[in-house]
Amino acid sequence: MSLTLRFRAEQGFLQESVEPLAARHLQECLLLQIEEDDYDLQQFIQKGSFLLAERKFPELMKSLKLSKERLLALINQLQH
């Protein structure tokens, strides 16, 4: 099993018997699409997706200890 699949299986996103891959919700969908070595973006999605969806940017910056510039960079990364 590749590192990507192992990481995602450990997170409970994959079942080895399921093909093709499917996500149960938006957070999983985003995590399946990003590079496996992008730890910052993974943490952003895992810990901040609900605050992001509710557009609670000040709370998101505080909870993840992000500057406004870093928050904007991560949001931009998600959009592409």
Side-chain angles (χ1 to χ4, degrees):
M1 182 182 303
S2 74
L3 180 60
T4 301
L5 291 179
R6 186 170 59 245
F7 169 76
R8 293 182 173 130
E10 289 169 1
Q11 298 298 315
F13 299 149
L14 302 177
Q15 296 175 354
E16 290 181 0
S17 62
V18 176
E19 288 293 331
L21 299 179
R24 295 174 290 194
H25 47 74
L26 179 59
Q27 186 180 42
E28 286 182 1
C29 179
L30 292 171
L31 287 169
L32 288 169
Q33 295 179 58
I34 63 173
E35 297 292 325
E36 66 185 53
D37 61 347
D38 198 335
Y39 181 76
D40 285 345
L41 192 54
Q42 290 172 0
Q43 291 299 307
F44 180 66
I45 293 168
Q46 290 175 332
K47 295 180 179 177
S49 60
F50 297 109
L51 291 173
L52 181 62
E54 294 176 3
R55 303 181 67 81
K56 295 183 177 180
F57 302 121
E59 292 176 40
L60 183 57
M61 289 188 301
K62 184 177 179 180
S63 70
L64 297 178
K65 299 177 181 150
L66 298 171
S67 67
K68 182 178 179 180
E69 293 76 21
R70 184 63 183 141
L71 174 65
L72 292 173
L74 290 169
I75 290 171
N76 188 46
Q77 207 173 341
L78 279 177
Q79 292 175 338
H80 291 85

(Q) Run the side-chain hydrogen bond (donor to acceptor under 3.5 Å, both in side chains) test against D37 and tell me which residues pass, sequence neighbours left out. (A) none
Output all residues satisfying side chain to side chain contact (heavy atoms under 4.5 Å, CB included) with [X], sequence neighbours left out; order by chain, then residue number.
X   : value
L72 : K68
I75 : F44, L52, F57, L71, Q79
E69 : S67

Contact summary for [X] and [Y], nearest pair of heavy atoms:
X   : Y   : value
S63 : L51 : OG-CD1, 3.7 Å
Q27 : I45 : NE2-O, 3.1 Å
A23 : C29 : CB-N, 3.3 Å
L60 : G48 : CD1-CA, 3.4 Å

Q: Drop me the distance from L74's CG to Q43's CD, to the nearest 0.5 angstrom.
A: 11.0 Å
Q. Can you tell me how far the CG atom of D40 sits from the CD atom of Q77, to the nearest 0.5 Å?
A. 8.5 Å
Q. Are any side-chain N or O atoms of S49 and backbone N or O atoms of Q46, one a donor and one an acceptor, separated by less than 3.5 Å?
A. no
Q. For R24, does its backbone N or O pair with a side-chain atom of E28 as donor and acceptor, under 3.5 Å?
A. yes
Q.
Count I, L, V, M, F, W, Y as connected when their side-chain heavy atoms are under 4.5 Å apart, and connections chain through other members. Are F50 and L78 then in the same cluster?
A. no
(Q) So, using salt bridge (Lys or Arg N to Asp or Glu O under 4.0 Å) as the criterion, who are the partners of K62 when residues are at least two apart? (A) none
Q. Who are the salt bridge (Lys or Arg N to Asp or Glu O under 4.0 Å) partners of D38, not counting sequence neighbours?
A. none
Q | salt bridge (Lys or Arg N to Asp or Glu O under 4.0 Å) partners of residues 44-59, not counting sequence neighbours, each pair once | A | E54-K56
